[in-house]
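Report on the structure given below.
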Amino acid sequence: MSDPISLSVLDVQISERPVTMRLPFQFGSTEVRETAEAYCTLRAVIGGREVSGYAAQLMVPRWFDKRPELSNADTIDELRHTVASAARLITGQSGSVAELSVGLRQAVIDDLPADVPALAAGFGPALIEMALIDAVCRSVAQPFWLAARQDLFGLGQILPADLTPEAYDAALNAIEKPHSITLRHTVGFDAPLVETPPDAPQDGLPVTVSDVIITTGITSWKIKLKGDPEADAARLLALQPVLSGHMDGGVTLDANEQYTPDAFRDLLNRLRAPGLAELTGKIRFFEQPFARDVALATRADFGARLVIDESDDGMDSFADALRLGWGGTSIKSCKGVLRALVNMARARQAGALLSGEDLTCQPGLCWTQDTAMASACGVADVERNGHHFAGGMQGATEAERARMLKLHPGIFRGDAKRVTLAVKAGAVNISSLAAPGFGASNAMAEMQNDEGN
């Protein structure tokens, strides 16, 4: 391992891009039709030289904070507040990425109202953390995977008590150069299966699940559940003939905190029905079936592999879940890249599962950064559906789109007016993420330079 790199933050600029869904998406208790993507530009001094770092994250309504009294707009505003707080509090601070991130997360919690959930409070710090990581990678002209392997971010100096330095070093040594990543397609509650709705967009992109199979060759699936055992079993029964013969990569089921333990046992019993044998035989894990305030107080003794997601709202959450018999956790850059690296080491140490989950990654900087993280952590496949439900690099200039296509010809295709994901045989060629920086920050840097001239 190398010595961690220290940096001093000069200033942070935050901007937004509106995002409109080409297909409305239902998950949990809400339907998403529009939101915004947050962009961060951070200037820091590293080794006496000024360096910029860039990051992007979609502000997803009613996932970070699901309190029923809040509207979609309320929860987006809450995320804006966490970003503004983090940007203000990090300015003028110095240290390694890990030191700055730990201090910032606590400072933002102290700065926000007490009722803001930890998952939401961590959104702003996670965005800043990504920009710090990018600045470090750019300062030494190294790609993320190599900087992480050398621990240039200083995580080894602040490891949690349950993770030994030896286990952490072994996990870092296993990080490999990015080559290709398999996609897992998300099927929403109301996603059309075979018949194209009359109001579907006429943009040449897939709409139905059968369209996705034909155009992408995807064989890994993530299916959203409602929290109603009878309705969910019926939905899976309807899906099975559509997915039949196209599930070689397996199936995961995501309940988004909507099940009680008793109702979940009912669902498991229904899934044993002979008519569902093909699909249930492909199930790899169930993602966050219980509410976050219930999950980490519940022993995972259901005879099925359970993975936390919304419950992963702090550096120690996965360790708590492992002690209760949970079988894994999801990683998302919106929860923290450094947390993902720690949880990668925990998963290796415990023989647990690490999954890549985030349908909100929009084509462009958000997609490339989160995918670089997932690839380094060695996940089997990643949920990547921002391109399906929204996509197109909304809000980007034609010049930025053109640069992104030039930098990442294996990831993106199209032209300066519309960028789509280059999915072939269910996978994406991500070898271009081995270039210096964290994800596609070179395109952002060039855009910033153009705007400054």
Would the distance check show the side chain of [X] and the main-chain N or O of [Y] forming a donor-acceptor pair, the cut-off being under 3.5 Å?
X	Y	result
T35	M59	yes
S317	G314	yes
S96	E99	yes
E50	A44	no
D266	P229	no
D316	A319	no
S101	A98	no
Q258	A255	yes
S139	V136	yes
S375	A372	no

Task: D262 and T260 side chains, donor-acceptor separation under 3.5 Å - done: no
Open item on the list: Between T30 and N72, is there a side-chain donor-acceptor contact under 3.5 Å, judged purely by atom types and distance?
Closed with: yes
Answer whether the closest heavy-atom distance between the side chains of [X] and [Y] falls below 4.5 Å.
X	Y	answer
L341	C377	yes
L433	T368	yes
L23	M21	no
I133	M130	no
E287	L306	no
W367	V428	yes

TODO: Please test W63 against N256 for side chain to side chain contact (heavy atoms under 4.5 Å, CB included), starting from the C-alpha separation and ending with a verdict.
DONE: CA-CA 8 Å; W63 182 79; N256 283 118; 3.8 Å; yes
Ion pair present between [X] and [Y], side-chain N to carboxylate O less than 4.0 angstrom?
X	Y	result
D309	R292	no
D65	R67	yes
D111	R88	yes
R33	E31	yes
K332	E357	no
R149	E176	no
D162	R323	no
D381	K222	no
D232	R235	no
R339	E129	no
D358	R384	no

Open item on the list: Please report whether the ring centroid of Y54 lies less than 6.0 Å from that of Y39.
Closed with: no
Task: Check: F286 ring centre within less than 6.0 Å of F302 ring centre - done: no
Heavy-atom pair with the smallest gap, counting every atom of [X] and [Y]:
X	Y	result
K335	S330	NZ-OG, 3.0 Å
R138	G437	CG-CA, 4.0 Å
A87	I14	CB-CG1, 4.0 Å
P117	E78	CD-OE2, 4.1 Å
G124	T82	N-OG1, 3.1 Å

- [ ] Determine, step by step, whether V9 and S94 satisfy the side chain to side chain contact (heavy atoms under 4.5 Å, CB included) criterion, reporting the C-alpha distance in whole Å, the side-chain angles of both residues, the deciding distance to 0.1 Å, and the verdict.
- [x] CA-CA 6 Å; V9 180; S94 299; over 6 Å; no
Open item on the list: Counting only heavy atoms not in E230 (residues, nucleotides, ligands), do more than 12 fall under 6.0 Å from its CD?
Closed with: no
Task: Given E400, E37, E34, the one that forms salt bridge (charged side-chain N to carboxylate O under 4.0 Å, His left out) with R17 - done: E400
- [ ] Specify whether F389 and H185 have parallel, tilted or perpendicular ring planes, treating 30° as the upper limit for parallel and 60° as the lower limit for perpendicular.
- [x] parallel
Open item on the list: Pair S311, Q288 - check side chain to side chain donor-acceptor pair (under 3.5 Å), show working.
Closed with: CA-CA 8 Å; S311 287; Q288 193 74 40; 2.9 Å; yes
Task: Which residues share a ring pair (Phe, Tyr, Trp, His ring centres under 6.0 Å) with F64, sequence neighbours left out - done: F123
Open item on the list: Restricting to side chain to side chain contact (heavy atoms under 4.5 Å, CB included), what partner residues turn up for P206, sequence neighbours left out?
Closed with: D211, V212, T215, H388
- [ ] Could you check R184 against T252 for side chain to side chain donor-acceptor pair (under 3.5 Å), going step by step and ending with a plain yes or no?
- [x] CA-CA 9 Å; R184 182 156 33 99; T252 69; 3.0 Å; yes
Open item on the list: For a side chain to side chain donor-acceptor pair (under 3.5 Å) check, start with the C-alpha distance between T186 and N385, then their side-chain angles and the critical distance, and finish with the verdict.
Closed with: CA-CA 7 Å; T186 300; N385 293 114; 2.9 Å; yes
